[in-house]
Number of protein chains: 2
Amino acid sequence: MAKKVAVLAVNPVNGAGLFQYLEAFFENGIQYKTFAVSDTTQIKTNSGISLTTDDIVSNLIDHEDQYDALVFACGDAVPQFEDNADKQYNQDMLTVIKAFGDNNKMLIGHCAAALFFDNLGIGIGKKVALHPFIKDVVKGVVGTDEKVVVADNIYTAQTENAIPELIPELLKALETV
Amino acid sequence: MAKKVAVLAVNPVNGAGLFQYLEAFFENGIQYKTFAVSDTTQIKTNSGISLTTDDIVSNLIDHEDQYDALVFACGDAVPQFEDNADKQYNQDMLTVIKAFGDNNKMLIGHCAAALFFDNLGIGIGKKVALHPFIKDVVKGVVGTDEKVVVADNIYTAQTENAIPELIPELLKALETV
């Protein structure tokens, strides 16, 4: 059976990253649902375009088992994460990521995705691709200079520019075989 | 002075294509304004996400001289173009593309962009990158198998997957020098 993917979009989100995942899923018949890491489904891209996600992250809690994989679509919200860590939607995001990790489901993301996985104790000892700025910040996962790393259930790309190399790996894992 | 770009987004638009341009412009301080090829600013991506552009294409008519370049962001609206060619927003789109072409301004686009340039008599004799399906359909421009072609003022990419190779060429031309 074809896999179903939950896609987290921070606010603001890098549109080039988010839509490389979504259009690839769409073109390959992979089901997906988008969840804003926000109080509302109305969020913005880094580039300032308003878009509407399918739902918000709080509504994904306790429904993680309906999905086979989670995408963390990074964006300019992340450098300000520490100042907003107590916001409910950010706490809900962490809850959701941890639930997917605890169940060994596919975790997918670029840029700072691996930092969140790391902070939640996901992927300990596994190599990851991540933004060069945070390569030495991660503790449990193993930061690399690779563009893309697939390590068991953890699929990471260095930045949104490396997503084209990640997509074929995702499709291979997600498509009906 | 930094250049300003008008970005046409068809409805539905390929989000991966559209946002590779927009995020690159945003990150490099290049001004841009998005125009829906539609009656409203509410359009969708191929992947089904609703987004809001800054304006609609009809409001770009007679204001082309405020911009240095035009991006044609292709999408799933295009295979149905012939059935909708008489819609005012599509006629307005052709008017706008022709105005940029007549003034020898930068024309940028991927996938079927070169077909529209060709139909409007823009870029005659110039090589273009374009979707393989339409390589032999174009008449005035010269279809190629290249991922990216820069021919004078015409900047084309084969598909949205080739945009990463087009972006550096655009930035070189658009950035303040």
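This is a predicted model, so every value here is computed, not measured. Side chains are part of it too, since the values below use all heavy atoms of this structure and drop only hydrogens, waters and symmetry mates.
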For this session: State, with a plain yes or no, whether a side-chain heavy atom of A:Asn14 is found less than 4.5 Å away from one of B:Glu27.
Result: yes
Exercise. Checking heavy atoms, do the side chain of A:Phe26, its backbone, both or neither come under 4.5 Å from chain B?
Worked result: side chain
Exercise. Can you tell which of A:Asn46, A:Thr52, A:Leu51 has the highest number of heavy-atom pairs within less than 4.5 Å of chain B?
Worked result: A:Asn46
Seminar exercise, completed: Given A:Pro164, A:Ser47, A:Ala16, the one with more heavy-atom pairs under 4.5 angstrom with chain B than any other is A:Ser47
Problem set entry | Over 12 foreign heavy atoms within 6.0 Å of CG, B:Asp86 | yes
For this session: Please check if A:Phe133 and A:Phe117 belong to a single hydrophobic cluster, counting links between Ile, Leu, Val, Met, Phe, Trp and Tyr side chain heavy atoms closer than 4.5 Å.
Result: no
Exercise. Would you say B:Glu23 and A:Leu18 make side-chain contact, with heavy atoms under 4.5 Å?
Worked result: no
Problem set entry | Heavy-atom proximity to chain B below 4.5 Å, by part of A:Ser50 | both
Exercise. Are there more than 12 heavy atoms of other residues, nucleotides or ligands under 6.0 Å from atom CG of B:Asp102?
Worked result: yes
Exercise. In the single-linkage hydrophobic clustering (I, L, V, M, F, W, Y; side-chain heavy atoms under 4.5 Å), do B:Ile108 and B:Val149 co-cluster?
Worked result: no
Exercise. Does CD belonging to B:Glu82 count more than 12 external heavy atoms closer than 6.0 Å?
Worked result: no
Exercise. Between CD of B:Gln20 and CD1 of A:Ile163, what distance do you get to the nearest 0.5 Å?
Worked result: 9.0 Å
Exercise. Do A:Val142 and A:Leu107 belong together in a cluster built from hydrophobic side chains that touch within less than 4.5 Å?
Worked result: no
For this session: Check the hydrophobic clustering (I, L, V, M, F, W, Y; side-chain heavy atoms under 4.5 Å; chains of links allowed) and say if B:Ile61 and B:Ile122 are grouped together.
Result: yes
Problem set entry | Under 4.5 Å from any heavy atom of chain A - which part of B:Gln42 | neither
Exercise. How many angstroms lie between atom OG1 of B:Thr45 and atom CG of A:Leu22, to the nearest 0.5 angstrom?
Worked result: 7.0 Å
Exercise. Where on A:Val13 is there a heavy atom nearer than 4.5 Å to chain B: the side chain, the backbone, both, or neither?
Worked result: backbone
Problem set entry | Point-to-point distance, once rounded to the nearest 0.5 Å, from CD1 of A:Ile49 to OH of B:Tyr32 | 6.0 Å
For this session: May I ask whether A:Ile124 and A:Met106 are part of the same hydrophobic cluster, defined by side-chain heavy atoms of I, L, V, M, F, W, Y residues being less than 4.5 angstrom apart, directly or through others?
Result: no
